[in-house]
Structures are given as C-alpha cells and as structure tokens.
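Throughout, numbering of the chain's residues begins at 1 and tracks the sequence. Both counts, for ligands and for their atoms, begin at 1 and track the order of listing.
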Amino acid sequence: MSAKIIDNHFVKEVYNENEMINYYTDIAHNIGLFKCEKVLFQKYLNFEDKILDIGCGAGRTTIPLYNRGYKDIIGLDIAEEMIKSAKSLCNSIDFVVGDATNLEYDSGTFDKAIFSFNGLMLIPRRESRLKALKEINRVLKTEGYFIFSTPYLDNKLESKFWTSEEIKWQQGDYDRRLYEFGDLLMDDLDIEEIFIHIPKISEVRECLNEAGFEVVEYLPRLNICIEEENIEEQLDDGLFWITKKVGK
Ligand SMILES: C[S@@+](CC[C@H](N)C(=O)[O-])C[C@H]1O[C@@H](n2cnc3c(N)ncnc32)[C@H](O)[C@@H]1O
C-alpha cells in the first residue's frame with residue numbers, strides 16, 4: 001500500500017494526472033452542463049452576477065455558463081494541468097490556479113459561488129472542508145449564494161458495502177491514512193487511489209451552519225431531472241445544495 005498522506009497535495013497530484021485531465025477535458029468539450037445544472041443555474045444565477053466556479057476542472061461548467069451570458073465568471077482549480085486545459089478550451093475566461101481552503105480574494109467579492117460534481121467532498125478532513133466553506137462564505141457578498149453537489153450516505157448505509165465499512169471502522173480495521181467514516185479511496189480511470197468523502201446529510205448541514213450558510217433548499221439530483229443515458233451512468237444519486245450566506 002502506498003504511504004502517501006491524504007491531503008490537498010495528494011488531491012492536486014491526482015487531478016494533475018493525464019487520465020484525469022483527459023476525462024475532464026473530454027466532458028468539458030463534449031458534454032458541458034448537466035440537465036439538472038441547467039435547471040438550477042437558470043433559477044439561481046443572474047447574468048450580472050460575479051461568479052466563482054470552484055474546482056472548475058477543465059471548464060465543464062465555466063465555459064457553457066460564460067457562453068450562456070454569465071460573462072463575469074472566474075474558474076478556479078487546485079490542479080495546474082486542469083487550468084491549462086481549461087484555458088486551451090476557452091481563452092476568454094479568467095481561469096486561475098487556487099485552493100478552496102485558502103482563497104486569494106477580498107471578502108465580499110462574489111455574488112455566487114459554485115463547486116460542482118461533488119468537488120467539495122474531494123477535500124480530505126472535515127476540518128479542511130469546513131475551512132473551504134468558511135473561505136467561500138468570506139469571499140461571498142451578504143446573501144450571496146453557494147451552490148454545490150455532494151453524494152450522501154443516508155441512502156447507502158443499509159447496503160452491504162457500507163454495513164461492512166461501518167463494522168470495519170468500529171473495529172479500527174480501515175486504512176489508517178483515512179480520517180472519518182465515509183472516507184473512500186477508489187480506483188477509477190486507471191488511477192489507483194482517488195479520495196472522496198461521502199457525508200451524511202446532517203454533517204453537511206452542521207458544517208454549512210458553522211460556516212455561516214443557511215440552506216435555501218437541498219434536493220436529490222433525481223428529483224430535478226434524469227440525464228441522458230450516457231451521462232446518467234457516470235453520476236451517483238447525489239444531492240444539490242442551494243445555500244445563502246447569512247450575516248456579514
Ligand atoms: C470532480 S472534479 C469536477 C471538475 C469540474 N467541476 C467538472 O464538473 O467537470 C473536482 C475538481 O475539484 C478540484 N479540487 C479538489 N480540491 C480542490 C481545492 N481544495 N481547491 C480547488 N479545487 C479543488 C480538482 O482538482 C478537480 O478538478
């Protein structure tokens with residue numbers, strides 16, 4: 001087993017891998033916004049908004065939003081190679097390398113922020129995900145919206161896989177580089193270890209509350225709409241969270 005520490009640096013290395021770049025460049029170029037994102041973005045984003053697209057990858061959401069008329073949009077990602085690829089797909093958008101847990105923007109800069117395709121849950125440790133939420137909250141204007149998606153454990157706990165995971169965690173029989181129950185190292189796209197945290201709904205709500213967000217609505221993706229077959233098979237039955245910054 002590899003002894004790499006699971007931290008932001010680990011995540012950055014994984015998302016700089018060629019296989020990841022190829023996958024995210026392909027979906028940025030050939031797929032763009034999912035149907036459910038079109039519905040939500042049309043409902044919650046205004047053309048005059050200043051928008052930060054966090055974890056933008058190769059621009060799958062940034063580029064079509066820009067093309068639909070949301071011109072004041074910045075795409076930000078921790079992986080330099082993703083940003084290079086995004087720039088090669090569209091050179092009229094400001095794509096920057098940056099870390100959601102340490103944003104280099106003044107407080108109150110943005111009207112809206114998004115973190116699509118479960119990106120927030122790629123950040124290892126609750127403490128760091130909370131730090132990212134606090135940073136996103138800080139760079140938003142009061143009443144600014146943060147829209148993101150997550151997988152969730154609540155509807156999976158009864159499954160064979162998660163029942164056995166829970167027992168392993170109770171018995172201390174898990175990869176000691178992981179931090180919390182719900183943490184997973186998966187192999188996909190020929191990459192051996194891709195980190196993701198599958199949270200319970202209560203955990204997301206608690207973190208949002210601690211970071212200064214109010215939940216406007218959260219809804220299962222499948223309640224919004226069903227995607228085309230080739231896209232549906234790449235997605236899980238996650239949740240979309242629409243949240244609003246409360247206070248200053
Ligand atoms: C699942 S991919 C989604 C990419 C893109 N939004 C899409 O839907 O095609 C998540 C992205 O989040 C980025 N990411 C992970 N941790 C990050 C962090 N701390 N700050 C900024 N980006 C991060 C990864 O590099 C990756 O490109």
Against heavy atoms of [X], which atoms of ligand 1 measure under 4.0 Å?
{"X": "Gly98", "result": "20 (N), 21 (C)"}
{"X": "Ile123", "result": "19 (N)"}
{"X": "Gly57", "result": "4 (C), 5 (C), 27 (O)"}

Under-4.0 Å heavy-atom contact with ligand 1, by part of [X] that carries it:
{"X": "Asp53", "answer": "neither"}
{"X": "Tyr24", "answer": "side chain"}
{"X": "Cys56", "answer": "backbone"}
{"X": "Ile78", "answer": "both"}
{"X": "Leu122", "answer": "side chain"}

Indicate whether the side chain of [X] and that of [Y] have a donor and an acceptor atom separated by less than 3.5 Å.
{"X": "Tyr23", "Y": "Gln234", "answer": "yes"}
{"X": "Thr101", "Y": "Ser128", "answer": "no"}
{"X": "Asn46", "Y": "Asp111", "answer": "no"}

ask   = Is Glu203 salt-bridged to Lys200, going by a charged N under 4.0 Å from an acidic O?
value = no
ask   = Charged N to carboxylate O under 4.0 angstrom, Arg221 versus Glu232?
value = yes
Evaluate [X] for polar contact with ligand 1, using N/O atom pairs at a separation under 3.5 Å.
{"X": "Phe117", "result": "no"}
{"X": "Ser116", "result": "yes"}
{"X": "Asp99", "result": "yes"}

message = Looking only at protein heavy atoms, which one is nearest to atom 12 (O) of ligand 1, and what is the separation?
response = Gly55 CA, 3.4 Å
Nearest neighbour in protein (non-hydrogen) for atom 20 (N) of ligand 1 = Ala100 N, 2.9 Å
Which of these, [options], has its nearest heavy atom closest to [atom]?
{"atom": "atom 27 (O) of ligand 1", "options": "Ile27, Asp77, Ile83, Asp26", "answer": "Asp77"}
{"atom": "atom 7 (C) of ligand 1", "options": "Arg60, Arg129, Lys131, Met82", "answer": "Arg60"}
{"atom": "atom 15 (C) of ligand 1", "options": "Ile31, Val11, Thr25", "answer": "Val11"}

task = Can you establish whether the number of heavy atoms outside Glu80 located under 6.0 Å from its atom CD is more than 12?
result = yes
query = Under 6.0 Å between ring centres, would you say that holds for Tyr70 and Phe41?
reply = no
key: Ring centroid separation Phe10 to Phe195 under 6.0 Å   = no
task = Could you point out which residue of Asp49, Asp72, Asp53 forms a side-chain hydrogen bond (donor to acceptor under 3.5 Å, both in side chains) with Lys112?
result = Asp49
task = Kindly assign one of parallel, tilted or perpendicular to the pair Phe148 and Trp241, based on the angle between their ring planes and the thresholds 30° and 60°.
result = parallel
